[in-house]
Amino acid sequence: LEYVAVDLGPKPPLRLRVESFIFGRGKWIARPNPTDSDSDATREHRRYGRRVRLFIADYRGGRHWFGLVEVALTIALAAISALRTPDTCRALAVTTVALYWVLFLAIALLKPHAVPLFKVLFTAASGALAVGATLETFSLFADVAATKVLLSGL
């Protein structure tokens with residue numbers, strides 16, 4: 001599969017600019033091997049393109065692997081939340097915050113999404129998750145510190 005971006009020209013109309021922001025300017029195209037002259041191989045190549053397009057359609061060319069990064073981080077965060085106990089709560093909270101910040105920085109710096117609207121939405125959502133997790137962790141530490149102060153007065 002190959003990602004092909006459409007050039008809108010130097011000064012496209014507003015309608016085209018809005019459409020390209022919402023829907024993107026490119027698409028994944030299943031191109032058969034030029035040395036393949038067999039029509040069955042060409043059809044099979046196109047079928048393969050239709051099957052995997054679901055997994056890579058949101059990403060621009062060369063960044064289709066980013067879907068695996070998102071899945072791996074999701075699994076890691078789910079495992080961390082499953083392991084959380086009162087004894088390991090602080091360490092796992094810090095690890096969770098670190099993973100959310102890694103996800104945010106990866107999305108913000110690599111810009112893996114093909115559609116500009118997705119770039120904005122995913123960057124904003126991952127940034128909000130990172131900030132929210134950071135604030136929650138700070139409140140966790142503040143609650144622990146306040147509890148220690150209260151218990152020390154008894």
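Scope of the values below: all heavy atoms of this structure, side chains included, with no hydrogens, waters or symmetry mates.
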Q: Return the minimal non-hydrogen interatomic distance between Arg63 and Leu110, and the atom names on each side.
A: NE-O, 3.1 Å
Q | Transitive ILVMFWY cluster of Ile75, excluding itself - 4.5 Å side-chain cut-off | A | Val71
(Q) Tell me whether the rings of His113 and Phe122 are parallel (<30°), tilted (30 to 60°) or perpendicular (>60°). (A) parallel
**Q.** Co-membership, hydrophobic cluster, residues Phe118 and Trp65, 4.5 Å side-chain
**A.** yes
**Q.** Closest heavy-atom pair and its distance - Ser126, Thr123
**A.** OG-O, 3.2 Å
**Q.** Residue pair Trp101 / Val131, side-chain heavy-atom distance below 4.5 Å
**A.** yes
Q: Output all residues satisfying side-chain hydrogen bond (donor to acceptor under 3.5 Å, both in side chains) with Thr137, sequence neighbours left out; order by chain, then residue number.
A: none
Q. Closest heavy-atom contact between Thr96 and Ile80?
A. OG1-CG2, 3.2 Å
Q: Quick one: list whatever passes ring pair (Phe, Tyr, Trp, His ring centres under 6.0 Å) with Tyr100, sequence neighbours left out.
A: none
Q) Do you know which two heavy atoms are closest between Ala106 and Pro112, and how far apart they sit? A) O-CD, 4.4 Å
Q | Non-hydrogen atoms of Val97 and Ala133 that approach each other most closely | A | CG2-O, 3.3 Å
Q. How many angstroms lie between atom CG of Leu68 and atom CG of Leu73, to the nearest 0.5 angstrom?
A. 11.0 Å
**Q.** Shared hydrophobic cluster, Leu135 / Phe104 (ILVMFWY, side-chain heavy atoms < 4.5 Å)
**A.** yes
Q) In Å, rounded to the nearest 0.5 Å, how long is the span from CG of Leu103 to CG of Leu77? A) 8.0 Å
Q) Can Leu105 be reached from Val94 by stepping across I, L, V, M, F, W or Y side chains whose heavy atoms are under 4.5 Å apart? A) no
